[in-house]
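Bear in mind the structure is a predicted one, so any value in this text is a computation, not a measurement.
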Amino acid sequence: MTWHKKSSTRPRPASNGMNLGMNEVRVRFPPSPTGYCHVGTARMAILNYLFARKHKGTIVFRSEDTDRERSKGEYEADIIDSLHWIGLDWDEFYRQSERTEIYSHELDRLVSEKSAYISEEESKKEPGKMLHVVRLKNPGTLITFTDLIRGDITFDTRELGDFVIARSLSEALYHFAVVVDDALMRITHVIRGDDHISNTPRQILIQEALGVERPLYAHYPLHLGSDRAKLSKRTGDVSVRSYREAGFLPQALLNYVATLGWTPPSGKEILSLGEMVQEFDISDVHKSGAVFDIEKLRWFNRQYLLQMPREEFEATAQVELEKYVAARKLLWDPEIGRKLAPIVHERISVWSDVGSLVTNGEFDYFFSDPTLVSAKIPEKGSGAGEARRHLTTLHDKLSAAEPEIFSLPERLKDAVWEYATHEGRGKVLWPLRYALSGKERSPDPFVIASVIGRDAALRRIDAAIAAL
RNA sequence: GGCGCAUUCGUCUAGGGGCCUAGGACACUACCCUCUCACGGUAGGAACACGGGUUCAAAUCCCGUAUGCGUCACCA
């Protein structure tokens, strides 16, 4: 085992799977399908994934659907799909609803061994209805477990009393099902959010009653909403699918969520899944919760967008542009759309930004001639006469030049740059750019002209001259 | 309230007794590039929760206080 830092004072709990000797590392993804896959679910899966793959271990996906009323197949499918989308996979799959006989069998055993008992009580949910719940006989001991992230944690289990482990002999509750499954599936490391810390002594008590081995625990802090409270539907516990629909890249979401609360030893920010696996050490996971910052996610996403192969970017940009341009009732032109890719490239962080851009009318002039306000044609501090003179000259120069110069912004620039520099670039270029775009802010006129082509460019310059 | 966990720039963090005048990233601001916008480049503001110890020396070790969060189900 190698520490990448050394210290004699700070306790560094064993974090390396090798400590288990010959034992294979086995971890689990235990989502309960009571809602769509949210960022917290993804984080749970990522941390378990990194640890397992780092130690060449096995990952068990276990759908914890013991709550029949709240669990839905649709949610389970979404969780599986979302996790695959960000690049994760697993080796074994189980569904707790298909394992009820196993739990019943173990429940029977505990009752016959007298470490649990059946208690007839009135239902809390349905007053008047009598239930035969199963309660664990709590020996009331002090329990200390070692957490791979936070060190030793001690609880006095007397506070727990004889807690309920099953609603009836045939309906095991969460804690019981989890402990039975973890044992049967030979889970070696339980890596989960720290909202489970206080559940741990309860589960250890069940393990001891069952006579099974205790896995190693690692409780990482939950990430927080901007109010620093645990994420809920209210405070932005956003589903992975909503990020996907907003046009975030899976690698970006994966990278951001993984490094939210974990810093790799190299200090690198942009890492692939493979690099993260290599660098991962569970004890480097932070002990305090981090606030999820959408702005930083956007930055990560932009980095991945920038890395994307040109053809791939262009193809997706096409689809996005067409979608919004059509919605704006503008005439879609694939040729123009293709030329727009570089402009889109330097202006967006997320695909949905294309939507904002187009919807705000930022790109209208690429698809239809702008409506000009004559007072805005001349540069500020310059007059209509001067603007007309420059536009006329530019029109002459551009129409006289070879038509091919319209295929490249640089060539258009070459054609008029000397003139513009001599006359004052603002005085010449502002009217040109405004004539082409009808906007006070836009890409430079050479880029616009090369996108819309010779005919449209000359036509718009004429229109501006006429409007003056 | 009991129990548990945590606390470094607005946010994510580096830090493991002298290397800290506390480093980086996001965001922000200014400047440069530039007709405008965007991109890019450079610079800047911005933090060790508080109080006691220990030590020649504390962001770092100890104790206390405060604050925040979690959890106390016949949910998971």
ask   = Taking the six-membered ring for Trp, are A/Trp430 and A/Tyr434 parallel (under 30°), tilted (30 to 60°) or perpendicular (over 60°)?
value = parallel
Please examine the side chains of [Y] and [X], heavy atoms only from C-beta on, and report whether any two atoms are closer than 4.5 Å.
X	Y	result
A/Ile270	A/Phe300	yes
A/Pro221	A/Ser288	no
A/Met308	A/Leu249	yes

inquiry  = Is A/His286 close enough to B/rU13 that one of its side-chain N or O atoms is under 4.0 Å from OP1 or OP2 there?
reply    = yes
task = Report yes if at least one side-chain N or O of A/Lys125 is closer than 4.0 Å to OP1 or OP2 of B/rC75; otherwise report no.
result =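 Checking B/rC75 against A/Lys125, a side-chain N or O does come within under 4.0 Å of OP1 or OP2.
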Rounded to the nearest angstrom, tell me the gap between atom [atom1] in [X] and atom [atom2] in [N].
X	N	atom1	atom2	value
A/Ile143	B/rC3	CD1	C1'	14 Å
A/Phe300	B/rU11	CZ	C1'	13 Å
A/His196	B/rC69	NE2	P	20 Å
A/Asn199	B/rG4	CG	P	15 Å
A/Tyr217	B/rG4	OH	C1'	16 Å
A/Tyr256	B/rU11	OH	P	12 Å
A/Lys287	B/rG70	NZ	C1'	17 Å
A/Asp284	B/rU13	CG	C1'	13 Å

Is it true that [X] and [Y] have ring centroids separated by less than 6.0 Å?
X	Y	result
A/His390	A/Tyr419	yes
A/Tyr256	A/Phe292	yes
A/Phe61	A/Tyr94	no
A/Phe313	A/Trp351	yes

query = What is the per-nucleotide protein-contact pattern of nucleotides 23-39 of chain B, from the 5' end, where B denotes a base atom under 4.0 Å from a protein heavy atom, S denotes such proximity for sugar-phosphate atoms only, and - denotes neither?
reply = --BS--------BBBBS
task = Please determine, for the side chain of A/Ser288, which listed nucleotide (B/rA6, B/rC12, B/rC72) has the closest atom?
result = B/rA6
request  = Could you work out which one of B/rA76, B/rA6, B/rG4 sits closest to the side chain of A/Ile153?
outcome  =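 When the side chain of A/Ile153 is considered, B/rG4 is the closest of B/rA76, B/rA6, B/rG4.
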query = A/Leu432 and A/Ile461: which non-hydrogen atoms are nearest, and at how many Å?
reply = CD2-CD1, 3.9 Å
In whole Å, what separates the [atom1] atom of [N] from that of [M]?
N	M	atom1	result
B/rC69	B/rC12	P	14 Å
B/rG15	B/rU60	C1'	8 Å
B/rG4	B/rC61	C1'	23 Å
B/rC9	B/rA46	C1'	5 Å
B/rG17	B/rC3	C1'	34 Å
B/rU13	B/rC31	P	33 Å
B/rC33	B/rU42	P	15 Å
B/rG45	B/rU36	P	28 Å

query = Looking at residues 154-183 of chain A, who's got a heavy atom less than 4.0 Å off RNA chain B?
reply = A/Thr154, A/Phe155, A/Glu159, A/Val164, A/Arg167, A/Leu173, A/Tyr174, A/His175
Sorted by number, the residues of residues 61-71 of chain A with heavy-atom contact under 4.0 Å to RNA chain B =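 Within residues 61-71 of chain A, the residues near RNA chain B are A/Glu64, A/Thr66, A/Asp67, A/Arg70.
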Sugar-phosphate only, base, or nothing, as touched by A/Leu131 at under 4.0 Å among non-hydrogen atoms = base
query = Which is true for A/Gly261 with a 4.0 Å heavy-atom rule: it touches a base, it touches only sugar-phosphate, or it touches nothing?
reply = sugar-phosphate
In Watson-Crick or G-U wobble terms, both distances under 3.5 Å, what is the partner of [N]?
N	result
B/rG17	none
B/rG40	B/rC32
B/rU60	none
B/rA47	none
B/rC72	B/rG1
B/rA6	B/rU67
B/rU55	none
B/rA22	none

query = In a check of side chain to side chain contact (heavy atoms under 4.5 Å, CB included) between A/Ser97 and each of A/Asp65, A/Asp67, A/Thr66, which one passes?
reply = A/Asp65
Identified side chain to side chain contact (heavy atoms under 4.5 Å, CB included) counterpart of A/Pro31 within the set A/Asp78, A/Leu83, A/Ile79 =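 Result: among A/Asp78, A/Leu83, A/Ile79, A/Ile79 is the only option passing the side chain to side chain contact (heavy atoms under 4.5 Å, CB included) with A/Pro31.
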request  = Answer yes when A/Arg62 and A/Glu64 have at least one side-chain N-carboxylate O distance shorter than 4.0 Å, and no when they do not.
outcome  =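 Judged by the 4.0 Å cut-off on N to carboxylate O distance, A/Arg62 and A/Glu64 do form a salt bridge.
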query = Quick one: do A/Glu410 and A/Lys413 make a salt bridge, cutoff under 4.0 Å?
reply = no
request  = Would you tell me whether A/Thr263 and A/His286 have side-chain atoms, one donor and one acceptor, within less than 3.5 Å of each other?
outcome  = yes
note = Of A/Thr259 and A/Arg202, the one whose nearest nucleotide on RNA chain B sits closer to the 5' end is A/Thr259
